[in-house]
Amino acid sequence: MKKIITETSPIIIISAVLYTSPYSSWLFVLMTIYALLTISWLFMRMTGRISMGHSFLLGFPVFLASAGYSISPDVSAQLFLAGCFLSFTIFYIFSEFTGRTAFVFLTLVFSILIWIVSPKFAFEINGYILGGEVGFNFPVIPQKMLHIIAGASLISLFVLHRVVESSRIGYFMRAIGDDETASKAVGIDLRKTKALSVFLSGVSAWSAGLIYAFEFGHVSPEIFSIEFSVFPFIASLLASGNPLFSVFSSFALVYLSKVLNSFYPGLMGIFYSIVLILSPKIGRWAYVKGKRLDEKIR
Amino acid sequence: MLKVSGLMKRLDSIVLLRDVSFEVEKEEVMCLYGPNGSGKSTLLRIIAGLDRADEGHIFFREREITGLKSWEVVENGIAYAFQIPRPFKSLSFHENLAIACMRYMNIKNAFKRAEKTAEEFEVSYLLERRSDTLSQGELKILEILRAYLTGGELFLLDEPFASLDVDNARFLKEKLHTLREKGCSMIITSHRKKILEGIADRFILLKEGRMHAEN
């Protein structure tokens, strides 16, 4: 409990400091969206599944919801739930029927495919063509309220991650992450545990997606962009997989992208590419540092 | 307790197991010996639910367990220890043992039970060590204790003495004696029959997937 309070304090302080101006509040909500996406990724990582297609989990339900909002709020809510169910099912099937390496590539290819196909999704209402590359509108909520909702969601899901990690089911997930065959031999139900891991990952990604839609008041096919897919991997890599540091590295990366892209648009993309190319070396270095730090904390 | 009848396993055109049938009684220790590739590991993996047989039936406590998922086999009371130890590398020795009990008890009690078992088997000094820092002999102990802590009644130990030096083999043999004294039923595979003399009640030779002799 003490550890959780110590860990959440800096997030609360950052949230309070950035609450002061409309721009900083907007930036905080944006950082929160990415941090939630990273937490979502970490839930799946616990069972040893490295997703490179998290943009699908983030964007699919809210993309459908925004399309439904063009018809009515009720349809929007129903399509959001259907999107949650479908994205959960697809990721669960991927995690159940593919090996670890295949999972990485399958999720990446799948999310890119959705990114390519989604602009083709358009329909006509009252003579207006909706969707396509422009996307769909979504209601906005006042910035201050959204700031509080985003902060509360981040803290709740971070605490949930910490609680799950040290629980019985968390141990099962980590065991599966280490060795699936050995987990079976000690009686761990792989199907249930993997399903729970995907579901928890989904809850975090779906929350991030909703906050994204409320923040921008609009959802376009860009929500399936490769940036969203690789972001949690990079944030987690730079934080050596530690959940708290992953939240901070997500914050830092969002800020860095604002700075770099203001110098030259697309500069952040080059930064991501460099990190991905160097990821085996960075990963090893961060793992050793993270392990030492973890041992010190313990 | 365990009844295996008419087990067959093929891999393409190669027959790994041919009409294997045997029974294991309660508190009995059976040694399955034979050369490399004779089908010993395949047989244990099939009983443990880690592999599927093409034909035949397996009954445990008069209930058919053929084709069950491995975690369902564990729930039924059969535990399996791998020939090449497969520890959960990111976890400590203590956590590795505790995970095996978490299926049927809460986390706090699981850690207590793991600690108690480590004391009983005189390996408490390993509790805080990360499993990726353990020696081969220590990993074998971890593998067997983890299987023991799943709460099973029948233990399938695949080549526990393989790749162990004399001291570690002696140490492991003592631990198997302890398990035997606790009344555990076991099927232990080995290349050599001699190493299990004094532990096993019965020896079965498996050669080219066929049971050849029983004494």
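The structure displayed is predicted, hence computed values, not measured ones. Chain letters run A, B, ... following the sequence lines, proteins first, then strands; residues in each count from 1.
Summarising the geometry of A:A185 relative to B:F82, their closest heavy-atom pair is CB-CE1, 3.6 Å, with the distance given to 0.1 Å. Minimum heavy-atom separation, A:A175 to B:I99: CB-CD1, 3.7 Å. Between A:K184 and B:L50, the shortest heavy-atom distance links the atoms CB-CD2, 4.2 Å. Of all non-hydrogen atoms in B:F88 and A:D178, the two that sit nearest each other are C-OD2, 3.2 Å.
A 6.0 Å sphere centred on CD of B:E62 holds no more than 12 heavy atoms belonging to other residues, nucleotides or ligands. By the 6.0 Å contact criterion, NZ on B:K89 is open, its count of non-hydrogen atoms from other residues, nucleotides or ligands being 12 or less. Surrounding CZ of B:R52 are more than 12 heavy atoms belonging to other residues, nucleotides or ligands, all under 6.0 Å away. Annotation: B:H57, atom NE2; neighbour count of heavy atoms from other residues, nucleotides and ligands within 6.0 Å does not exceed 12. The local environment of CZ in A:F199 is sparse, with at most 12 non-hydrogen atoms from other residues, nucleotides or ligands closer than 6.0 Å. In the displayed structure, B:I84 atom CD1 is contacted under 6.0 Å by at most 12 heavy atoms of other residues, nucleotides or ligands.
Note that CD of B:E72 and CG of A:D189 are 7.5 Å apart. Values are rounded to the nearest 0.5 Å.
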Given the rule in the side chain to side chain contact (heavy atoms under 4.5 Å, CB included) test, do B:R146 and A:V186 qualify, once you have shown the distances and angles that lead to the verdict?
CA-CA 7 Å; B:R146 203 173 59 183; A:V186 293; 3.7 Å; yes
Mind running side chain to side chain contact (heavy atoms under 4.5 Å, CB included) on A:L190 and B:W71 for me, showing each step along the way?
CA-CA 8 Å; A:L190 250 66; B:W71 55 86; 3.7 Å; yes
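Both the backbone and the side chain of B:S70 have a heavy atom closer than 4.5 Å to some heavy atom of chain A. In this structure, the portion of A:S166 lying under 4.5 Å from any heavy atom of chain B is its backbone and not its side chain. For B:F111, the part lying near chain A is the side chain, with the backbone staying farther off; criterion is any non-hydrogen pair under 4.5 Å. Within the 4.5 angstrom heavy-atom criterion, atoms from both the backbone and the side chain of A:T181 approach chain B.
In this structure a side-chain-to-backbone donor-acceptor pair under 3.5 Å is present from A:R168 to B:M102.
With respect to the salt-bridge test (charged N to carboxylate O, under 4.0 angstrom), the residues A:D179 and B:R86 qualify.
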